[in-house]
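One structure is given here, and the rest of the page talks about it.
Every number for a ligand or one of its atoms is a count from 1 in the order of the listing.
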Amino acid sequence: MATLGLPPSLTSNSEPPPIFDGTTRLYTSYICPFAQRVWITRNYKGLQDKIKLVPIDLQDRPAWYKEKVYPENKVPALEHNGKILGESLDLIKYVDANFEGPSLVPSDPAKQEFSERLISYVDTFTKELFTSLKGGEPVQLASPAFDYLENALGKFDDGPFLLGQFSLVDVAYIPFVERFQTVFSEVFKHDITTGRPKLASWIEEVNKVDAYAQTRVDPQETVEIFKRKFLPQQSTL
Ligand SMILES: N[C@@H](CCC(=O)N[C@@H](CS)C(=O)NCC(=O)O)C(=O)O
């Protein structure tokens, strides 16, 4: 688990932080792929001192989180300027636009247009992957989603990332690709990069980005979570 040197998760026994005291806080969970998007964005922009991580134990959630912070009772949520904002795809855009640090949106209009297209597909992408686990043939069922990424990676050739340079689009996809690569490899003995060279080099390059590398989940933990939540039929393996 990537928690070395990171604050401990707050539980039902933990006191709330002094909410709305002017501190910007990212309520997160170290295992949540949605929250991971915002965590990567914060790290990439060098906002470690400006946006404080407040990890929540989702299995033993403090009651004050829903009551005082975020009625949706989900992570991620961002406390900023006296407001609480949610939804990871909105938050990564918000953090990029409203805080200092390197931009995660390219200036090229063609790249911006493709970025919108890829962002609007990401929920379908993740849904297809989760749905693939419910069928008898997960590898085959997940194949079109990974092929879509492989094709998308061919669009710009001025760098290994989805828009050439590292951007919000990579941030939106990688937490899910990370988890499904692990699960397909460990549970179904299938390498999602076989026959997908661009996907292979994309994953390799994203792993070199420190802002992301610090947020990765221990693969063993990913497998345990998936077996418990999405693959109950595999839990006795
Ligand atoms: N659409 C939301 C999804 C967030 C989400 O589902 N987070 C999960 C953890 S990975 C959560 O907080 N679940 C708690 C619950 O639903 O009660 C986003 O993109 O931020």
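Under 4.0 Å from ligand 1, not a single heavy atom of Ile31 appears.
For atom 2 (C) of ligand 1, the closest non-hydrogen atom of the protein is Glu87 OE1, 3.4 Å. At the top of the distance list for atom 10 (S) of ligand 1, counting protein heavy atoms only, stands Cys32 SG, 2.5 Å. Nearest protein neighbour of atom 4 (C) of ligand 1, counting heavy atoms only, is Val75 O, 3.3 Å. For atom 17 (O) of ligand 1, the closest non-hydrogen atom on the protein side is Arg61 NH1, 2.9 Å.
Annotation: Phe166 is not in aromatic contact with Tyr212 [ring centroid separation under 6.0 Å not met]. For Trp202 and Tyr173, the gap between ring centers reaches or exceeds 6.0 Å. Between Tyr65 and Tyr27, the gap from one ring centroid to the other is short of 6.0 Å.
Taking distance alone, with nitrogen or oxygen atoms compared against 3.5 Å, Lys74 stays at or beyond that limit from ligand 1. Checking only distances, Ser88 does come within under 3.5 Å of ligand 1, N or O to N or O. By the 3.5 Å distance cut-off applied to N or O atoms, Phe34 is not counted among the residues near ligand 1.
The ring-ring contact (aromatic ring centres under 6.0 Å, His included) test applied to Tyr121 returns Tyr148, not counting sequence neighbours.
Residues Trp39 and Leu53 have side chains in contact (heavy-atom distance under 4.5 Å, counting atoms from C-beta outward).
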Atom pairs and distances, side-chain donor-acceptor, residues 98-109, under 3.5 Å, sequence neighbours left out:
{"from": "Asn98", "atom 1": "ND2", "to": "Tyr94", "atom 2": "O", "distance (Å)": "2.9"}
{"from": "Glu100", "atom 1": "OE1", "to": "Lys50", "atom 2": "NZ", "distance (Å)": "3.4"}
{"from": "Glu100", "atom 1": "OE2", "to": "Lys50", "atom 2": "NZ", "distance (Å)": "2.9"}
{"from": "Ser103", "atom 1": "OG", "to": "Val105", "atom 2": "N", "distance (Å)": "3.1"}
{"from": "Ser103", "atom 1": "OG", "to": "Val105", "atom 2": "O", "distance (Å)": "3.1"}
{"from": "Asp108", "atom 1": "OD1", "to": "Ala110", "atom 2": "N", "distance (Å)": "2.8"}

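Taking every heavy atom of Leu58 and a limit of under 4.0 angstrom, the matching atoms of ligand 1 come to 9 (C).
The closest approach between any non-hydrogen atom of Pro76 and ligand 1 is below 4.0 Å.
The pair Lys208-Glu205 counts as a salt bridge, with a side-chain nitrogen and a carboxylate oxygen less than 4.0 angstrom apart.
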